[in-house]
Amino acid sequence: MTWMNALYFGDNLDVLRRYITTDSVDLIYLDPPFKSDATYNVLFAEKNGAQAAAQIKAFEDTWHWDRSAAAAYQEVVEDGGPISQVMQAFRTFLGCNDILAYLSMMAIRLKELHRVLKPTGSLYLHCDPTASHYLKMLLDAVFGVRNFRTEIIWKRTSAHSDAKQGRKQHGRIHDVIFFYTKGEEWTWNLMYHQYDREYIEEFYRHIEPETGRRYGLFDITGPGGALKGNPRYELLGVTRYWRYSKKKAKQLIQEGRIVQIKPGAVPREKRYLDDLPGIPLQDVWTDIKPIGSRAKERLGYPTQKPEALLERIILASSNEGDLVLDPFCGCGTTVAVAHRLNRRWIGIDITHLAINLMRVRLRDSFGPEIEKQYQVLGEPTTVRDAQALAAPDPFQFQCWALGLVGARPTEPKKGADRGIDGRLYFHDEGPTGKTKQVIISIKSGKPKPSDVRDLRGVVEREEAALGVLISLEEPTPAMCQEAAEAGFYTSPAGTQHPKIQLLTIADLVERHQRIDLPPWTDWRTFNRAPRAKRPGNPRQNHLDFEDAEEDSS
């Protein structure tokens, strides 16, 4: 069964096969992770195929030639057909390396994405030029050469030099977006964008004094004369072949749309700039800026794409009520924009960090009521489920447990955390008061009193207000005594809260307990997404947020 709307935690291949029905999706956008900053010497290096499979983590953005990649390659090759042929050709040409692993993993997923698309559906694949030429061939094999529609070039950054990386080459400033359809009839809404300032100044340089409207004067003589069937007659004392019939020209004169700047001059047509929708959307997009360092839209996710980019794609290739799918949804730009544009949506990601970020983003953008309008599937809902997650992957368990209390991991990757697994920030002195923090420690194994002592030390070192230890197993009496000895935090309002708090997964998922925080005016963990507003002109790509801020960086 396909849920609407839904966030799925898990491998998108498994989710697609188990939950997304055939011919059910109207539009797919995907920006698959890829280690684009690695050198070609690394990407094309031969691999022995014996490396143990590793689950993709947030921010790593890479796939390797390992057993899982080899299994994906074997599956698509054994299925036969054009995909099998192109993958065998890739292996002959590339060898067994990370590029082939990436293409093998993409091939098996693109087959499933093609399956779930409606006959009138569209797919947009976003990538950079490192592997775009291989992906184009793979997409041709999956969708058919006849169903390729456009290669969109998006200028993703300002001009810069790659010399600092030791490369003697041109600056790389664009991404590629491939647009394919499942069939020869597809949803399409013609989009427009605003005219360039130079174009306006050249062709619409006149301003009407009475109304202040900008207009231009355009030639109405008939090119090709009689050979093109254009009529010849006298118009305002000038005889020519004209673009319009005599009747139509007379009507335009009455409307003030045909003017003669002086006696004897060739009449011209007066066209107002504000009567025109804009320039029909082309395949080179330079008008959508990347997310600046101080933009309010920025959430801190390294591969985050601007909402204006997704808005343009969704408006062009879907209608209200259609279903939009993003199988690598990261920080949730696709689902946030789809919801704002009244589309149904499905987002899939393999990390709890991304799922938690999307939940916070949706709540910030649309308010707490949004939580009743979608489901999160694939996450643990019982202690037994949590144990099943923690056993093979403690890092994912940690991300999930932090999400239960609205926190985020301190570090996106495994490594030294100095005793801090996550943080929460709050204000209890008013909006302009000091920001205070809660230090969170997660234990998937058997907790012990030394864990509490370590947390107390970290809270003191970081000058935090509170510390919270979240464990899978119940704390021991010695741990509870150790926590009690830490005393209380007293808020400005006079309320007291245990300085060190012990919570279990059962407390959070079954007994619905929460961290004992003081009365606050605001708290946040992730950067707050701006409150969403509906777009104005549906035919023009246009992003409109409350409290929007121009980034001047």
Side-chain angles (χ1 to χ4, degrees), residues 27-38 40 43 61 99 102-103 106 110 113 122-163 165 167 169-181 186-199 277-292 295 297 302-318 324 326 328 330 333-334 337 539-543 551:
L27 172 63
I28 295 172
Y29 169 86
L30 64 157
D31 182 11
F34 183 67
K35 192 67 172 176
S36 58
D37 61 348
Y40 266 54
L43 292 171
D61 281 5
I99 287 284
Y102 178 69
L103 295 171
M106 286 306 303
L110 286 171
L113 293 173
S122 301
L123 176 139
Y124 289 77
L125 190 153
H126 192 141
C127 58
D128 72 19
T130 307
S132 60
H133 43 306
Y134 300 122
L135 287 169
K136 172 68 166 59
M137 295 179 67
L138 181 56
L139 286 163
D140 283 346
V142 174
F143 283 83
V145 176
R146 295 182 60 182
N147 291 323
F148 165 67
R149 302 303 165 198
T150 316
E151 178 180 343
I152 299 164
I153 301 299
W154 173 49
K155 182 183 176 184
R156 59 175 170 79
T157 186
S158 301
H160 65 86
S161 172
D162 282 326
Q165 302 178 35
R167 299 187 177 104
Q169 62 188 59
H170 304 92
R172 297 178 298 182
I173 63 171
H174 81 276
D175 280 359
V176 176
I177 304 174
F178 291 119
F179 170 33
Y180 280 76
T181 62
W186 62 94
T187 300
W188 181 248
N189 302 307
L190 184 58
M191 301 290 293
Y192 300 86
H193 60 83
Q194 296 179 352
Y195 294 106
D196 295 333
R197 175 55 55 186
E198 294 79 6
Y199 177 86
I279 302 173
L281 191 60
Q282 309 297 304
D283 62 3
V284 177
W285 297 356
T286 61
D287 60 325
I288 298 178
K289 304 303 180 185
I291 300 174
E297 183 182 337
T303 59
Q304 182 180 354
K305 299 302 184 290
E307 291 203 6
L309 183 71
L310 272 300
E311 182 177 288
R312 176 171 289 178
I313 290 171
I314 291 172
L315 286 175
S317 293
S318 69
V324 178
D326 187 340
F328 298 93
T333 301
T334 303
V337 175
R539 293 197 302 171
Q540 287 191 342
N541 190 75
H542 160 79
L543 194 60
D551 180 42

What residues, two or more places apart in sequence or in another chain, satisfy ring-ring contact (aromatic ring centres under 6.0 Å, His included) together with [X]?
{"X": "Y180", "value": "F143, F148"}
{"X": "Y199", "value": "Y195, F203"}
{"X": "W285", "value": "none"}
{"X": "F178", "value": "none"}

Nearest 0.5 Å, please: how far is [atom2] in [Y] from [atom1] in [X]?
{"X": "L113", "Y": "L139", "atom1": "CG", "atom2": "CG", "value": "10.0 Å"}
{"X": "L310", "Y": "T333", "atom1": "CG", "atom2": "OG1", "value": "6.0 Å"}
{"X": "H126", "Y": "K305", "atom1": "NE2", "atom2": "NZ", "value": "5.0 Å"}
{"X": "L30", "Y": "M106", "atom1": "CG", "atom2": "CE", "value": "5.0 Å"}
{"X": "Q282", "Y": "I152", "atom1": "CD", "atom2": "CD1", "value": "11.5 Å"}
{"X": "L103", "Y": "L135", "atom1": "CG", "atom2": "CG", "value": "6.0 Å"}

For [X] and [Y], work out which heavy atoms get closest and say how close.
{"X": "H174", "Y": "R156", "value": "O-NE, 3.6 Å"}
{"X": "Y192", "Y": "G278", "value": "CD2-O, 3.3 Å"}
{"X": "N189", "Y": "S318", "value": "ND2-O, 3.0 Å"}

Verdict with reasoning, M191 to L315, per side-chain contact (heavy atoms from CB on, under 4.5 Å): CA-CA 8 Å; M191 301 290 293; L315 286 175; 3.8 Å; yes
I177 side chain reached by L309 side chain, heavy atoms, under 4.5 Å: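 Yes, at least one pair of side-chain atoms sits under 4.5 Å.
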Verdict with supporting geometry, I153 and K155, side-chain contact (heavy atoms from CB on, under 4.5 Å): CA-CA 7 Å; I153 301 299; K155 182 183 176 184; over 6 Å; no
side-chain hydrogen bond (donor to acceptor under 3.5 Å, both in side chains) partners of [X], counting only residues at least two apart:
{"X": "R146", "answer": "E184"}
{"X": "Y102", "answer": "none"}
{"X": "S317", "answer": "Y124"}
{"X": "N147", "answer": "R149"}

side-chain contact (heavy atoms from CB on, under 4.5 Å) against D326, all qualifying residues, sequence neighbours excluded: Y29, F328, C329, T334
side-chain contact (heavy atoms from CB on, under 4.5 Å) between E311 and I288, intermediate numbers included: CA-CA 11 Å; E311 182 177 288; I288 298 178; over 6 Å; no
Whether D196 side chain and E198 backbone form a donor-acceptor pair below 3.5 Å: no
